[in-house]
J.: 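Sharing a structure, written as structure tokens. Questions coming.
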Amino acid sequence: MKLSDALHIDVDRIDKEMIDLVRYDRDLPVFSVVKRSVLDLIQAGGKRLRPMLVIVGSRFGTREPEAKRLVRLAAAAEFVHAASLIHDDIIDGAERRRQQPTLHTKTNNYTATHVANYMMARIVEALFEYSDKEEQGSALQDLISAAPSRLCLGEYQQLNTRFDYDIRLETYLEKTMNKTALLMATCLQVGARTAESDEWVSNKLYAFGRAVGMSFQIKDDLLDFEQSEGKLGKPVGADLMNGQVTLPVIYALREEQLGDQIRALHEGSSVEEFQFVIDQIRSSPAMDQAKELSHRYMHEAWELIEDLREFKASQDLETIWHYFNDRDF
Amino acid sequence: MSTSQLMTQTFEQLTQQLAPDAGIAIEVNTRWVKEMAHFLNEYDMDDARRQCILGCYVLLRLSLQSHGDVQEDKQELTRKILDGDYLQSIYYEYALANHAMDLLNALAPVIKTIHIRRIEGKPAEFILPTAIHQFVTYRYSKAAYEVI
């Protein structure tokens, strides 16, 4: 069963809201590369995980938020995510996403950069249309300001620690929080606040989003070593070849001989040299150690569900928990 | 507050706002900052508000500059995109911290229009300072100076 069906969320309604935001933007010409690009992006689909988190968060409130406002907020979360992916793809030089050519390959770097900027600007404009002053402040603060700035910080940290084999575990965890977990946590929290949840509830939801988000990224780091090139769409161990010292590598560095082999790798090392070390990491205890930390985050997330048992929507958190826990993609 | 004081204090505020990991250094002495600072000083508003408007202008303009120059060179490209994104998010943070919802609301469609025009290859550099001038002249009257 699809996650949206299990959560009883009409994803088509969110997609329609995103499409309408662009289609009925009077500042866009009828035939516009912006309009076409954003509509193509929406129609290419996606999991819509972040909008779903916003909606699930709203189920923990003290009042039901106006449906239109909630859908717009959900669409905003997806716009923020999609805009960041456009910029990520340019930075990574990615040619395909979801089996489609990436936007910058269809247009160019300059256009793609500004289409993503348009999406961010449009959503800020749209949030002002539907919210009262206090809500505007909260949604803007969480979704448009804090989450994107932390996303950038995560990217800066990644850039600043390329091939840095002395990276501390805390730095890796902070980077992971900024790059992945924070937006998921924020989505749940924004949804809860929109429905005027108690502060302790929105904080628990934030912590839940953080925990599953951290586990999600660690699994992603593991999949980079575990899955086949065909399934990943990039070479096995591509993260390490790009200088990213992820969790399995951090643990592998603690082993004397393997650590030395990893430290010998640099930007100019050959593919064969990388492949040899990547194979060593794959069969080392570092993989299980990384899995263990991922499990610990999932355990933490489960305990947070237990804290929220008085809410019927805690079942939705369980559904999300299983979705993350069973993930092998 | 003199124009140079306004500029100095605004830049001190902005520098505190930027995370060291970003490694962004803001240049104080540019003609466009001086022009805006001088313009703001002609209007009757409190100093905190003046600093807020100037700070928002600087962050937005630097963000746009960064994204206006996305090169093909990989290292440079990454920095330009990240810096532009980061400065934009700090603009929102800074404006919200200074309770400038009216400015955010007024500039939202303006920023959007700049991106649309840039994609269409149309001139867009004049739009931001013009919008801020309009925002200020609509809300504030010119300061009266005593003539001795």
Side-chain angles (χ1 to χ4, degrees), chain A residues 25-29 32-35 37 83-84 86-88 90-93 104 107-129 133 136-138 140-141 143-160 174-175 178, chain B residues 17-24 59-60 63-64 66-122 124:
Chain A
D25 181 355
R26 279 174 294 182
D27 292 322
L28 283 178
S32 144
V33 65
V34 180
K35 196 178 276 186
S37 301
S84 78
I86 293 172
H87 285 183
D88 275 358
I90 301 172
I91 290 170
D92 297 342
H104 68 277
T107 56
N108 55 54
N109 289 342
Y110 183 84
T111 302
T113 300
H114 285 84
V115 168
N117 291 346
Y118 162 84
M119 292 173 78
M120 287 295 289
R122 177 71 184 115
I123 206 66
V124 173
E125 184 185 46
L127 285 175
F128 272 103
E129 285 169 15
K133 212 170 179 181
Q136 286 162 9
S138 169
L140 284 171
Q141 173 69 51
L143 265 183
I144 309 297
S145 165
S149 79
R150 297 279 293 272
L151 267 170
C152 291
L153 281 181
E155 290 288 345
Y156 281 124
Q157 286 161 339
Q158 186 162 299
L159 201 65
N160 297 339
E174 191 191 330
K175 181 187 78 176
N178 287 336
Chain B
Q17 203 87 19
L18 299 172
D21 276 332
I24 296 175
L59 290 168
L60 274 176
S63 167
L64 289 165
S66 201
H67 280 171
D69 186 26
V70 281
Q71 306 289 332
E72 296 303 318
D73 173 66
K74 180 138 183 4
Q75 200 68 22
E76 190 72 2
L77 176 72
T78 301
R79 284 287 328 180
K80 295 271 181 195
I81 290 178
L82 273 183
D83 288 354
D85 286 351
Y86 183 64
L87 287 162
Q88 182 177 267
S89 61
I90 294 299
Y91 152 69
Y92 290 114
E93 197 170 299
Y94 179 78
L96 286 165
N98 286 287
H99 313 289
M101 295 297 279
D102 54 349
L103 183 65
L104 282 172
N105 196 4
L107 292 185
V110 174
I111 298 166
K112 187 190 73 177
T113 303
I114 292 171
H115 295 309
I116 295 171
R117 287 181 68 91
R118 277 184 162 191
I119 293 169
E120 291 172 341
K122 292 178 182 166

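First the proteins, then the strands, lettered A, B, ... as listed; each starts at 1.
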J.: Of the backbone (N, CA, C, O) and the side chain (C-beta and beyond), which part of B:Ile24 lies under 4.5 Å from a heavy atom of chain A, both, or neither?
T.: side chain
J.: In chain order, what residues pass the ring pair (Phe, Tyr, Trp, His ring centres under 6.0 Å) check against A:His104, with sequence neighbours excluded?
T.: none
J.: Highest number of heavy-atom pairs under 4.5 Å with chain A: which of B:Leu107, B:Leu104, B:Val110?
T.: B:Leu104
J.: For A:Glu155, is it the side chain, the backbone, both, or neither that has a heavy atom closer than 4.5 Å to a heavy atom of chain B?
T.: both
J.: Minimum heavy-atom separation for B:Leu82 to A:Leu159, with atom names?
T.: CD1-CD2, 4.2 Å
J.: Can you pull out every salt bridge (charged side-chain N to carboxylate O under 4.0 Å, His left out) where at least one residue sits in residues 106-115 of chain B? Sequence neighbours excluded, please.
T.: A:Asp25-B:Lys112, A:Asp27-B:Lys112, A:Glu125-B:Lys112
J.: Counting only heavy atoms closer than 4.5 Å, note whether B:Ile114 contacts chain A via side chain, backbone, both or neither.
T.: neither
J.: Please state whether the rings of A:His114 and B:His67 are parallel, tilted or perpendicular, taking 30° and 60° as the class boundaries.
T.: perpendicular
J.: Looking at chain A, which one of B:Ser63, B:Ala22, B:Ala19 has the largest number of heavy-atom pairs inside 4.5 Å, strictly under?
T.: B:Ala22
J.: Just verifying a value: how many Å separate B:Ile111 CD1 and A:Asn117 CG, rounded to the nearest 0.5 Å?
T.: 10.0 Å
J.: Checking heavy atoms, do the side chain of A:Thr113, its backbone, both or neither come under 4.5 Å from chain B?
T.: side chain
